Amino acid sequence: MCAAGRRWGRRQRALLWAVLLAAWEAAWGQLRYSVPEEMPKGSFVGDVAKDLGLPVAELRDRGIHILDKGRTQYFALHGKTGHLVTAERIDREKLCENVQQCVLRCELIVEGQMQVYGIQVEITDINDNAPTFREAETELRMSEMTAPGSRFHLPEAHDRDSGRNSLQSYELSGDEHFSLAVQAGPGGDQRPELVLAKALDREEAAFHELVLRASDGGDPARTGTARIRVTVLDANDNAPVFSQAEYTVRVPEDVPVGSVLVTVTATDADEGLNGHMKYSFKKITEKASQIFQLDLNTGAITLTRNLDFEDLKSSEMEIQVRDGGDLSDIAKVLITVTDVNDNAPELTVSSAVSEISEDAPAGTVIALLHVQDRDSGANGEVRCSLDGGVPFRLEKSYQDYYRVVTARELDREQVPEYNVTVRAADGGSPALQSSAVLALRVLDVNDNAPVFSEERYSARVAENNAAGALVLTVRATDADWGQNARVRYRLAEGRVRGAPLSSYVSPGLFRVGLHSGEVRTARSPLARDAARHSLLVLVRDHGRPALSATATLSVLLAESVAELLAELGSAAQEAAAGPGEPAASLTRWLVLAVAAVSCLFVAFLLLLLALRLRRCHRRQLLPPDSGALRGVPVSHFVGIDGVRAFLQSYSHDVSLTADSRKSHLRFSAASCCDTLPARPPPDEPAPLLGDEDPA
């Protein structure tokens with residue numbers, strides 16, 4: 001029981017250390033997870049929301065997402081649970097070929113906090129690949145004079161898995177003439193060799209059939225086989241030999257296609273067919289086989305496709321030379337690709353704002369940038385800078401991320417908007433660079449008080465002035481914008497000779513719209529206000545120089561129409577007595593206009609009354625059913641033709657409105673005739689009043 005308690009305590013401590021490690025990594029902006037390969041889409045990888053301490057309900061509000069860099073996204077963030085899940089099935093061997101530890105990286109951005117977190121996910125291997133041979137059948141030719149103990153290279157198996165799931169052992173089955181030996185290569189790989197255990201006799205057996213089996217260390221183990229056919233030949237006592245066991249060459253990534261990178265050479269002391277040699281690839285990756293080509297006769301390795309350092313940094317292969325007697329030798333070739341500055345830095349705006357208040361404190365973040373360069377060494381070292389003359393600076397955020405922040409407080413009245421140019425240059429020679437422009441508009445803050453155009457105003461006013469006379473005009477301006485720049489004037493209260501200042505002066509009773517030109521009352525009229533007011537309205541444009549025009553508006557205040565007419569008459573008499581002849585003429589025309597409108601209104605009422613009376617009289621003359629009088633000669637009705645002609649000639653429609661400009665008078669079609677209608681023939685009945693043919 002004590003042992004069980006100790007084991008439980010150790011598990012608790014291990015769990016605590018794991019939690020502390022995850023919390024420490026999250027605090028430093030780094031999360032680490034692991035997931036097996038070949039998991040289905042949507043498989044759980046890690047609880048990002050929990051590890052970062054973010055409530056699940058706030059994930060959408062804070063704008064949390066995986067950064068898209070234009071490459072394949074293998075992970076996604078579940079919006080409801082905050083879990084990091086696989087976006088598609090991951091094949092470790094496809095992504096990390098010949099790499100012992102396969103780690104995928106992505107970035108998580110929290111836009112609400114302007115924070116970036118790096119995520120590293122290790123893809124662990126599963127035993128999903130069996131060892132395979134490049135060729136299912138291999139033929140070996142041996143002389144019957146070959147001494148027992150001689151060794152021959154056998155084809156090697158390849159397993160794309162790693163660790164225990166990779167290739168572990170070889171087995172040989174066949175006959176008693178051969179045995180299997182496995183040698184360790186320079187890189188720790190296993191190289192199977194066929195050992196001649198018993199002398200051959202071509203006359204006894206010309207062929208020997210063997211089976212080579214390769215097994216990995218998975219559970220259960222996977223195997224692959226290759227058939228070995230040994231042909232017994234006559235004697236060939238000299239094998240070809242390479243001039244060096246290993247060839248090393250360094251080539252720049254911009255070497256032209258078709259260039260010879262290296263030539264391997266071998267010699268054979270035999271003559272004739274036994275001394276004729278052929279070169280071939282014994283071991284090469286599939287990617288390298290599409291880039292490099294080997295000449296079978298000369299051993300020259302040429303380039304068939306453009307190199308890219310960012311895609312292939314080095315390639316290791318084995319070349320085998322075989323003579324006519326089927327004796328062979330193997331040499332190792334290592335080709336290293338050197339970087340050339342052929343990639344410009346990539347500058348990406350991950351997050352940015354388009355507006356900022358002018359009172360924002362120094363250090364406010366306006367943009368989050370990401371820079372990267374696919375080159376290596378000095379060619380991949382990127383330096384970021386801002387064009388001079390702007391109140392901003394760059395700060396390092398996380399790895400290749402930078403923040404653009406304000407260096408000091410802004411002033412919209414000096415500069416209302418900025419176009420901030422960010423440049424990224426690498427360390428190559430010549431250096432390659434890229435740039436991005438951030439458009440930023442500065443929002444106004446009411447930080448400027450209105451300022452009068454003059455510190456002190458003075459005016460001369462004649463005594464006995466009428467109320468409402470203009471004393472002086474003051475003007476103030478505000479450097480702010482919009483609503484913050486609207487200026488309102490107020491007269492500070494004071495006393496003159498013991499009386500309030502407002503009893504002597506008051507910007508007045510009327511005001512004019514700044515853009516509409518509408519004249520309105522600024523307050524309710526008071527008893528002390530004058531009955532007559534003369535307003536001078538000024539309009540000015542924004543040209544250079546500005547042009548303006550003025551108009552004078554006379555206003556009379558009255559409590560009734562009678563008082564208004566009296567005031568108008570008084571104003572007319574005063575104008576006639578004074579030198580202001582234009583004003584007197586205007587007053588006379590106003591009086592005439594009022595009288596004309598009144599007369600038109602009375603005439604309209606009389607006209608309506610006459611029409612009503614005529615309609616009533618017409619209904620009394622004609623019976624309701626005029627059809628009963630058809631067939632009666634028209635001569636039996638004394639004066640009926642004259643009445644019909646009169647009514648037809650003056651029949652019209654009247655439409656009047658209170659606004660005389662919209663009134664109109666429309667005559668009917670019958671009124672166009674200026675003669676009396678003709679009497680119908682004797683054999684046709686004469687139509688009566690109101691019973692006309694519509695035609």
Side-chain angles (χ1 to χ4, degrees), residues 413 446 448-480 484-559 563-591:
E413 288 70 36
N446 193 18
N448 292 278
V451 178
F452 282 99
S453 58
E454 300 181 17
E455 295 183 358
R456 183 181 181 87
Y457 291 85
S458 61
R460 296 177 177 272
V461 182
E463 64 177 340
N464 298 326
N465 248 348
L470 177 66
V471 178
L472 57 85
T473 302
V474 298
R475 179 175 175 81
T477 57
D478 195 311
D480 290 320
N484 296 330
R486 294 188 61 182
V487 179
R488 296 183 179 181
Y489 299 87
R490 181 175 60 86
L491 189 64
E493 190 59 61
R495 304 187 72 83
V496 177
R497 297 182 180 180
L501 180 61
S502 60
S503 62
Y504 291 94
V505 293
S506 61
L509 179 59
F510 303 96
R511 65 183 179 188
V512 63
L514 181 61
H515 300 289
S516 64
E518 296 178 344
V519 178
R520 298 173 179 267
T521 55
R523 55 177 174 82
S524 300
L526 303 177
R528 58 183 175 83
D529 291 327
R532 305 172 190 171
H533 297 268
S534 181
L535 307 180
L536 181 64
V537 182
L538 172 68
V539 60
R540 180 185 291 110
D541 60 20
H542 291 281
R544 292 187 179 180
L547 301 179
S548 62
T550 59
T552 303
L553 178 64
S554 299
V555 181
L556 294 179
L557 301 180
E559 296 182 356
E563 185 178 352
L564 176 61
L565 295 176
E567 290 291 342
L568 289 175
S570 176
Q573 294 178 0
E574 293 179 0
E581 184 62 27
S585 177
L586 176 63
T587 303
R588 286 195 298 271
W589 282 109
L590 289 175
V591 173

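A quick note: this is a predicted structure, and the numbers were derived from the prediction, not measured.
Here the shortest heavy-atom pairing between D541 and L547 reads OD1-N, 2.8 Å. Summarising the geometry of T473 relative to Y457, their closest heavy-atom pair is O-CE2, 3.9 Å, with the distance given to 0.1 Å. For the residue pair D480 and A485, the shortest heavy atom distance occurs at O-CB, 3.1 Å. In terms of heavy atoms, A459 sits closest to L472 at CB-CD2, 3.4 Å.
Side-chain atoms of N448 and D478 include no donor-acceptor pair closer than 3.5 Å.
Residues L557 and V555 are in side-chain contact: their nearest non-hydrogen atoms beyond the backbone lie under 4.5 Å apart. Counting heavy atoms from C-beta outward, S534 and T552 have side chains that approach closer than 4.5 Å.
Distance CG/N446 to CG/N484: 4.0 Å, rounded to 0.5 Å.
Exactly one residue among V539, V537, L538 makes a side-chain contact (heavy atoms from CB on, under 4.5 Å) with T550. That residue is L538.
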